[in-house]
Amino acid sequence: MSCGNLLKRLRSGAMLDKSEWAAFIDCDDEGFDEELFSAAAEIRDRVYGRKVFARGLVEFTSFCRNDCFYCGLRRSNKNAERYRLSENEIVETCRNGYETGFRTFVLQGGEDLHFTDDRMVSIIRAIKKNCPEAAVTISIGERSAESYRLMKEAGADRYLLRHETADHDHYSILHPSSMSLDKRISCLRTLKALGYQTGAGMMTGSPGSSALTLAEDMVFLQDLRPEMVGIGPFIPHHDTPFREMKRGSVALTLRMLALVRIALPRVLLPATTALGTAEEGGEIKGFNAGANVVMPNLTPVSVRKKYLLYDNKKITGAEAAENIDLIREKFRAAGYELSLSRGDAL
Ligand code: SAH
Ligand code: SF4
């Protein structure tokens, strides 16, 4: 089937199978990306308008017990500088963001056992008390169902846990044998069942990925129907086993963003920092392909450079929350309106 016909079927709400997705992802018809991006942007406009929702990102710990091969925070990276913010610092950081106008905070970190359930519950409650209208998103990896439940009860609204890849063999290229795709997926299903607005997602161009693994991701996403999907290019980090690998392409990332927008019209879809790192102006290209979320960095500048998932991660440029006016202007010039509202999934 031609790519144009596949696009028609997808737009009419069809579930595609793996080989159809792979044909889509590999399509080299001339002008196909333009057609795809404009279909995706039109759907985003219909559901959410030209608003781009900002989330204040708080990277609160760089300690991690995991050893994902792609990530600069992996525990085997002895050169990584580790830090953790205190409960007070985390709440203060959110309060500052709240004063700027942010109404969503994303608390992200490595899997750091210091942050027990009691500590997380206390932090979430304090943010909810100090920033009463704000949504709280947690992104701290795999935890027990009980832990997810306690955080939800404390007031957490959303949870980001990328599945990374839905292909078992590919998962084991990216992770040590102590981690499993089944466990990851079971965490995602638990989060959904608990009522979190749940985010899955994957990198593009990570070692071992192909049109077939990305097709598997699309089949999985169409089945899970997450409220959010995080997609960014893999970018190598110099102190990981993948240091010599090629980074993922911007073009493929944009294509995946557009496919996700069309498959899941209501999805909240960030133009990720990795996309902005891979190419200047990458975020705007992301919006033009259907994305509608950005995550400006609220992390205190003193520790920001220590949260290095990959090389050349931007620190104090146009992705930094203190430059919010700059960000707003940049987006306005491209025809998008920055919104600091909660921006819940519709
Ligand atoms: N520890 C948590 C959250 C922090 S990592 C977790 O793993 O879920 C957040 C995301 O950063 C990961 O899901 C991964 O997809 C992305 N990431 C890590 N290393 C990366 C790299 N080298 N290039 C691009 N993205 C990366
Ligand atoms: Fe830890 Fe997340 Fe990095 Fe894996 S991706 S090593 S879980 S911070």
Side-chain angles (χ1 to χ4, degrees), residues 55 57-84 106-115 120 137-143 147-148 158-166 170-171 173-176 178-181 183-185 187-188 191 196 198-209 213-214 217 226 228-250 252-253 256 270-279 282 295 297 299 306-314:
R55 323 301 198 187
L57 177 63
V58 185
E59 298 161 332
F60 69 99
T61 173
S62 70
F63 285 88
C64 189
R65 66 174 166 156
N66 274 341
D67 223 9
C68 309
F69 297 134
Y70 43 84
C71 177
L73 300 188
R74 64 197 302 266
R75 70 156 186 267
S76 296
N77 180 9
K78 302 293 179 236
N79 295 330
E81 290 184 70
R82 309 289 174 173
Y83 71 91
R84 57 172 71 95
V106 180
L107 303 192
Q108 192 183 79
E111 293 196 12
D112 180 357
L113 297 177
H114 168 84
F115 289 99
M120 287 311 298
T137 305
I138 306 292
S139 179
I140 51 174
E142 298 173 15
R143 300 184 59 116
S147 175
Y148 289 150
R158 309 179 186 142
Y159 204 102
L160 302 179
L161 183 75
R162 290 187 179 177
H163 64 283
E164 312 295 359
T165 173
H170 186 208
Y171 195 90
I173 293 175
L174 299 179
H175 302 96
S178 53
M179 296 176 72
S180 85
L181 176 58
K183 174 84 199 306
R184 199 85 177 167
I185 291 178
C187 285
L188 281 165
L191 289 163
Y196 281 95
T198 304
M202 63 280 185
M203 290 174 283
T204 50
S206 61
S209 87
T213 63
L214 289 168
D217 289 324
M228 297 150 326
V229 176
I231 301 176
F234 158 75
I235 302 176
H237 182 290
H238 61 280
D239 279 323
T240 64
F242 292 164
R243 62 178 68 82
E244 304 288 349
M245 303 290 177
K246 240 177 69 199
R247 80 160 166 72
S249 88
V250 170
L252 181 59
T253 306
M256 297 312 297
T272 54
T273 312
L275 183 59
T277 298
E279 185 175 310
M295 293 164 65
N297 202 336
T299 311
K306 300 182 185 168
Y307 196 85
L308 209 60
L309 302 169
Y310 45 81
D311 287 341
N312 303 318
K313 183 164 168 262
K314 293 208 182 153

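Both ligands and their constituent atoms are indexed starting at 1 by order of listing.
The ring of Tyr148 has its center closer than 6.0 angstrom to the ring center of Tyr159.
Excluding waters, the protein N/O/S atoms found under 2.8 Å from atom 1 (Fe) of ligand 2 are Cys64 SG.
Here the closest heavy-atom approach between residue Ile140 and residue Phe60 is recorded as CG2-CZ, 3.5 Å. Listed here is the closest heavy atom pair of Leu308 and Leu73: N-CD2, 3.9 Å.
Atom 6 (S) of ligand 2 is flagged as protein-proximal [any protein heavy atom, distance under 4.0 Å].
Under the salt bridge (Lys or Arg N to Asp or Glu O under 4.0 Å) test applied with Glu59, the options Lys306, Lys313, Arg84 reduce to a single match, Lys313.
Under the 4.5 Å side-chain criterion, counting only non-hydrogen atoms from C-beta, Arg82 is not in contact with Asp112. Side-chain contact check for Pro207 versus Tyr70: every heavy-atom pair is 4.5 Å or farther apart. In this structure the side chain of Phe63 never reaches within 4.5 angstrom of the side chain of His114, judged on heavy atoms.
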For ligand 1, find each of its N or O atoms that sits under 3.5 Å from a protein N or O atom, and tabulate the pairs with distances to one decimal place.
{"residue": "ligand 1", "atom": "1 (N)", "partner": "Gly109", "partner atom": "O", "Å": "3.0"}
{"residue": "ligand 1", "atom": "8 (O)", "partner": "Arg184", "partner atom": "NH2", "Å": "3.2"}
{"residue": "ligand 1", "atom": "13 (O)", "partner": "Glu164", "partner atom": "OE2", "Å": "2.5"}
{"residue": "ligand 1", "atom": "15 (O)", "partner": "Arg162", "partner atom": "NH1", "Å": "2.9"}
{"residue": "ligand 1", "atom": "15 (O)", "partner": "Glu164", "partner atom": "OE1", "Å": "2.8"}
{"residue": "ligand 1", "atom": "15 (O)", "partner": "Glu164", "partner atom": "OE2", "Å": "3.4"}
{"residue": "ligand 1", "atom": "22 (N)", "partner": "Tyr70", "partner atom": "O", "Å": "2.9"}
{"residue": "ligand 1", "atom": "22 (N)", "partner": "Ile235", "partner atom": "O", "Å": "2.7"}
{"residue": "ligand 1", "atom": "23 (N)", "partner": "Ile235", "partner atom": "N", "Å": "3.0"}
{"residue": "ligand 1", "atom": "23 (N)", "partner": "Ile235", "partner atom": "O", "Å": "3.4"}

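Sorted by first then second residue, the salt bridge (charged side-chain N to carboxylate O under 4.0 Å, His left out) pairs that include residues 65-76, not counting sequence neighbours, are Arg65-Glu111, Asp67-Arg74.
By the ring pair (Phe, Tyr, Trp, His ring centres under 6.0 Å) test, Phe242 pairs with no residue at all, sequence neighbours left out.
Distances below 4.0 Å separate heavy atoms of Tyr70 from the following atoms of ligand 2: 5 (S).
A distance of 5.0 Å separates CD1 in Ile235 from OG1 in Thr277, rounded to the nearest 0.5 Å.
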